[in-house]
Amino acid sequence: MPKNKNATLTEGKFLSLMSASLKGISQVILIENVITGLIILLSLTIYSYYLGLIALISAIIGTLIGKLGGADEDSVNQGLFGYNSVLTGLALTLLLTGANQWIFVLIGAAVAAILTAAMMHFMKNTGIPILTLPFIIVTWFTLLVSYRLEAIQLSASLVPQDLAHWELNTAGKVNWLEGTFTGIGQVFFLDNPYCGALLFIAVFWASWKFGLFAILGNAVALLTSYVLGGEHSLIFMGLYGYNAILTSLAVALVFNQNRKHIATISGISAACLTVPITASVTTWLLPYGLPSLTMPFILSTWIFLGAKKVLPNL
Amino acid sequence: MPKNKNATLTEGKFLSLMSASLKGISQVILIENVITGLIILLSLTIYSYYLGLIALISAIIGTLIGKLGGADEDSVNQGLFGYNSVLTGLALTLLLTGANQWIFVLIGAAVAAILTAAMMHFMKNTGIPILTLPFIIVTWFTLLVSYRLEAIQLSASLVPQDLAHWELNTAGKVNWLEGTFTGIGQVFFLDNPYCGALLFIAVFWASWKFGLFAILGNAVALLTSYVLGGEHSLIFMGLYGYNAILTSLAVALVFNQNRKHIATISGISAACLTVPITASVTTWLLPYGLPSLTMPFILSTWIFLGAKKVLPNL
Amino acid sequence: MPKNKNATLTEGKFLSLMSASLKGISQVILIENVITGLIILLSLTIYSYYLGLIALISAIIGTLIGKLGGADEDSVNQGLFGYNSVLTGLALTLLLTGANQWIFVLIGAAVAAILTAAMMHFMKNTGIPILTLPFIIVTWFTLLVSYRLEAIQLSASLVPQDLAHWELNTAGKVNWLEGTFTGIGQVFFLDNPYCGALLFIAVFWASWKFGLFAILGNAVALLTSYVLGGEHSLIFMGLYGYNAILTSLAVALVFNQNRKHIATISGISAACLTVPITASVTTWLLPYGLPSLTMPFILSTWIFLGAKKVLPNL
């Protein structure tokens with residue numbers, strides 16, 4: 001007996017929504033792949049059941065806003081309305097506190113999707129992707145809201161500091177092996193090397209090239225930040241690495257216009273550049289006690305993608 | 001005996017200048033209506049004779065720069081070169097002090113008109129209106145000038161504060177009736193509910209829809225800021241309301257592309273969003289002691305207008 | 001006997017590189033002229049042999065990146081890929097300290113050229129020139145890197161300060177003659193009036209009009225900043241003058257669309273406007289201890305060039 005047509009239609013819609021949402025999770029690392037999204041979700045859930053749940057719901061919220069809002073279907077199905085919501089959901093969960101926190105987390109995920117649409121419009125003429133800027137803007141603004149509205153409560157880890165009294169202390173344990181796996185974990189705010197290893201599997205599943213450049217980008221950042229004298233506690237927790245990984249994937253592979261060969265040199269240069277940019281963005285934000293999130297990735301990638309439009313041999 | 005032709009011409013030019021200037025005053029609340037402009041001017045003059053005078057002169061300065069500068073005539077006649085000058089004139093009058101203050105106020109009004117032209121050019125390709133951004137930029141920059149040039153003196157009310165030592169204190173009188181009329185007053189920096197009531201009349205004169213959405217936007221902001229635990233002293237002085245009023249008018253009515261029905265849901269959502277944005281912008285500005293002015297209105301309106309270009313069903 | 005063809009070709013390429021690089025040095029003051037570039041290089045070398053060397057190498061690095069990167073040949077040959085690198089090289093040399101400083105200086109010069117290309121792309125649609133923005137961004141970011149990476153060390157002159165505790169002290173020697181020559185020197189960070197006089201010769205060599213407006217812009221800034229009560233120590237060291245000089249050249253001559261007559265009034269108004277903008281930008285940067293560099297020039301010039309697109313009679 002044939003299935004009810006309506007049921008099939010609803011089932012089809014549900015599957016399409018889940019596929020787009022899982023791709024939304026994988027798009028956080030610039031990959032469009034359902035299985036990669038599933039492995040990432042597994043890694044998040046192993047780290048924390050609650051975090052996995054928030055990531056999935058946020059991805060669905062973002063994707064639904066794209067679908068119901070009437071966005072271009074291809075963009076929605078590629079997960080492009082999901083990844084900023086996923087990141088916003090994760091960041092706000094970890095950086096806000098209080099019982100009703102989850103409400104603001106999910107509202108934040110929704111606002112991130114709306115801001116994604118707005119920024120797509122504003123940057124359309126440049127031909128440059130918006131990357132994770134909507135996530136950063138929503139997260140920074142929400143964190144600062146806590147100073148003025150009692151309902152939003154900030155985690156104790158974020159403390160505004162006076163630049164004039166800031167003392168750099170680079171001392172700390174050197175652990176190269178741990179550093180290899182923490183960078184990719186930090187893309188999803190995970191400071192656990194085992195979850196990081198699982199994320200590498202997710203990336204290699206999509207393509208060995210992606211896996212290779214993720215490792216390369218992280219290695220370049222580890223070395224650069226170590227040689228330039230960064231804080232060991234930050235370096236080996238992966239806090240210099242995650243922006244470099246994203247940047248090397250973006251510049252060398254994903255947004256490389258020339259399809260004939262991989263833009264290896266630009267990719268690695270751009271990954272290097274994220275290290276001083278990370279140091280700088282962190283300093284700009286010190287008086288506000290805000291984390292730099294993926295801003296260094298955005299700045300370095302935009303510089304290289306924009307420059308290539310004028311310097312084609314770059 | 002017929003009038004002298006030249007006299008008639010001059011008279012015509014004078015009337016056209018006055019009409020455009022009064023529309024410049026009404027454009028502060030996104031309305032193009034001479035009578036609305038006149039009632040607003042009356043409200044300002046009741047509050048303070050000097051403030052009314054400054055508003056009128058600023059509007060004329062802005063409009064004259066548009067006319068003599070050779071801008072598109074329609075834009076000038078709609079008052080689009082006046083409203084940023086009016087707001088700049090009012091803000092600088094209230095936030096600067098000293099005997100020669102009026103000179104800087106009027107220069108500020110002139111610069112706001114020139115910046116209006118520049119921003120119109122820079123944003124032309126986006127199809128998104130510049131709103132009150134020129135006013136905000138000129139006012140913020142002028143206020144900070146006072147720290148370096150003795151001739152410009154800041155009112156004592158603006159004090160830079162260290163975010164690390166900031167303590168939120170929401171205690172304060174709850175007065176819903178007053179809150180109903182203060183929001184619209186704060187669009188023009190008036191903290192007097194009677195002047196606010198007169199401004200509502202000005203809005204209703206233009207159209208009952210405008211009046212309705214002004215009341216709605218204000219109510220939404222009062223509730224949202226109260227529920228989220230904002231400072232009562234700010235809420236009932238209308239400091240969370242004025243941005244919500246402007247935003248609900250802009251999103252639901254003025255820049256609503258779909259002429260068939262009012263964008264009620266987006267308008268109200270955008271008005272809600274101004275509340276956390278106000279909290280956030282105020283925090284960003286704390287180290288500089290600057291007021292957030294209409295920045296939350298601009299950000300929330302831009303997000304919704306931009307998003308609608310990509311999400312037409314929003 | 002005829003020369004070897006290859007040698008001639010190589011020689012031709014070398015001469016073209018040197019010509020473009022020297023024009024890169026002259027483009028710092030918006031002039032495209034090899035001899036002007038040479039005189040400026042002489043002035044820099046008299047001030048400090050090392051500074052002259054850095055300027056030349058930086059210009060060559062920027063130009064080479066343009067040439068090898070495949071940029072539009074005309075732009076490269078006009079020196080448009082050199083001037084931001086020259087300024088970055090000079091600024092970082094003077095504001096960083098430490099033995100390996102020169103490495104970061106030259107990397108900074110290279111990044112400035114890449115950022116130049118990126119910004120050219122991002123601003124293409126506006127029809128407004130990028131001016132010295134790449135230099136400012138690279139320099140500000142590099143200076144702040146020093147707070148997080150030990151290898152980059154900041155000169156002791158840059159101290160973050162709390163705006164709440166800032167006291168304005170305008171006392172100081174008045175020296176109009178010195179002020180006449182220090183402004184142009186500060187374009188190249190030279191606080192020596194003799195080097196400044198040599199720079200005036202470089203400008204007059206290119207055209208008497210340029211020389212005239214350089215003097216005019218500086219005079220306007222001296223007067224405005226004195227009348228408005230600026231700090232005498234800054235005024236007569238030329239720190240209010242250099243932005244005014246660049247702005248008056250840019251607005252009155254270089255980017256004046258109407259070729260029939262010089263835009264004298266806009267040029268002088270824009271030069272005036274750099275004075276309050278300088279005061280303001282310096283205040284914005286106070287908590288970070290950063291210098292305002294040529295940001296006031298950029299802002300004032302962009303406002304006037306943008307406004308002219310909408311107000312053609314301006």
Side-chain angles (χ1 to χ4, degrees), chain B residues 64-72 75-76 80-81 98 100 103-104 107-108 110-126 130 134 137-154 158-165 285-290, chain C residues 122-128 160-171 224-232 234-235 239-240 266 269-270 272-273 275-288 292 295-296 299-314:
Chain B
L64 269 179
I65 287 178
K67 272 193 194 293
L68 301 178
D72 163 58
S75 304
V76 179
L80 296 182
F81 282 87
N100 300 318
I103 302 172
F104 303 115
I107 293 173
V111 173
I114 293 170
L115 188 54
T116 296
M119 286 188 175
M120 279 176 175
H121 172 68
F122 281 106
M123 291 198 59
K124 203 175 51 188
N125 285 330
T126 64
I130 60 165
I137 301 297
V138 172
T139 304
W140 281 351
F141 269 73
T142 306
L143 296 179
L144 288 193
V145 166
S146 63
Y147 289 90
R148 287 288 178 167
L149 297 175
E150 277 187 336
I152 285 118
Q153 283 171 30
L154 207 57
L158 299 171
V159 183
Q161 278 174 282
D162 192 341
L163 192 55
H165 302 125
L285 295 169
L286 200 72
Y288 297 102
L290 292 175
Chain C
F122 281 107
M123 291 197 58
K124 203 175 51 188
N125 286 328
T126 63
I128 302 289
Q161 279 175 282
D162 192 341
L163 192 56
H165 302 126
W166 168 256
E167 297 269 339
L168 181 62
N169 178 0
T170 62
T224 310
S225 55
Y226 187 78
V227 167
L228 293 180
E231 293 151 272
H232 293 175
L234 304 185
I235 296 173
L239 290 171
Y240 274 107
S266 329
S269 309
C272 274
L273 192 61
V275 170
I277 294 181
T278 299
S280 207
V281 170
T282 313
T283 310
W284 282 108
L285 295 169
L286 200 72
Y288 297 101
S292 61
M295 198 66 188
L299 294 178
S300 189
T301 304
W302 277 359
I303 291 172
F304 273 80
L305 296 186
K308 278 188 189 198
K309 303 259 182 185
V310 171
L311 302 171
N313 307 340
L314 195 71

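Numbers restart at 1 for each chain; the letters A, B, ... are given by sequence-line order, proteins then strands.
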Query raised in the report: Atom CG in C:L314, atom CG in B:L68: separation rounded to 0.5 Å?
Result: 10.5 Å
Query - Residue, of C:W284, C:W166, C:F304, that accumulates the most heavy atom pairs under 4.5 Å with chain B - result: C:W284
Requested in this report: For the residue pair C:W302 and B:F122, categorise the inter-ring angle as parallel (less than 30°), tilted (30 to 60°) or perpendicular (more than 60°).
Outcome: tilted
Query raised in the report: Checking C:Y226 against chain B: side chain, backbone, both or neither under 4.5 Å from a heavy atom?
Result: neither
Query raised in the report: Which atoms of B:I65 come close to chain C, meaning under 4.5 Å heavy atom to heavy atom: side chain ones, backbone ones, both, or neither?
Result: both
Query raised in the report: What residue in C:N125, C:L273, C:I128, C:L234 has the most heavy-atom pairs under 4.5 Å with chain B?
Result: C:I128
Query raised in the report: Can you tell me how far the CZ atom of B:R148 sits from the OG1 atom of C:T282, to the nearest 0.5 Å?
Result: 5.5 Å
Report task. Rounded to the nearest 0.5 Å, what's the gap from NE2 on B:H121 to CG on C:L305? Could you check? Result -> 9.0 Å
Query raised in the report: Where do C:P276 and B:V145 come nearest, in terms of heavy atoms and distance?
Result: O-CG2, 3.2 Å
**Report entry** Proximity breakdown for C:P312 and chain B, heavy-atom pairs closer than 4.5 Å
**Finding:** both
Requested in this report: Working to the nearest 0.5 Å, report the span between OG1 of C:T283 and OH of B:Y288.
Outcome: 9.0 Å
Report summary line: Tightest non-hydrogen contact, residues B:I114 and C:A307, listed as O-CB, 3.5 Å
Query raised in the report: Got a second to check how far C:I303's CD1 is from B:L115's CG, nearest 0.5 Å?
Result: 5.0 Å
Query raised in the report: Are the side chains of B:L149 and C:V275 in touch, meaning some heavy atoms are under 4.5 Å apart?
Result: yes
Query raised in the report: Any side-chain heavy atom of C:L228 within less than 4.5 Å of one from B:F104?
Result: yes
Query raised in the report: Shortest non-hydrogen contact from B:Y147 to C:L168?
Result: O-CD1, 3.5 Å
Query - From CG (B:L286) to CG (C:L163), nearest 0.5 Å - result: 11.0 Å
Query raised in the report: Where do B:P160 and C:A164 come nearest, in terms of heavy atoms and distance?
Result: O-CB, 3.6 Å
Query raised in the report: Are any non-hydrogen side-chain atoms of C:S280 and B:W140 less than 4.5 angstrom apart?
Result: no
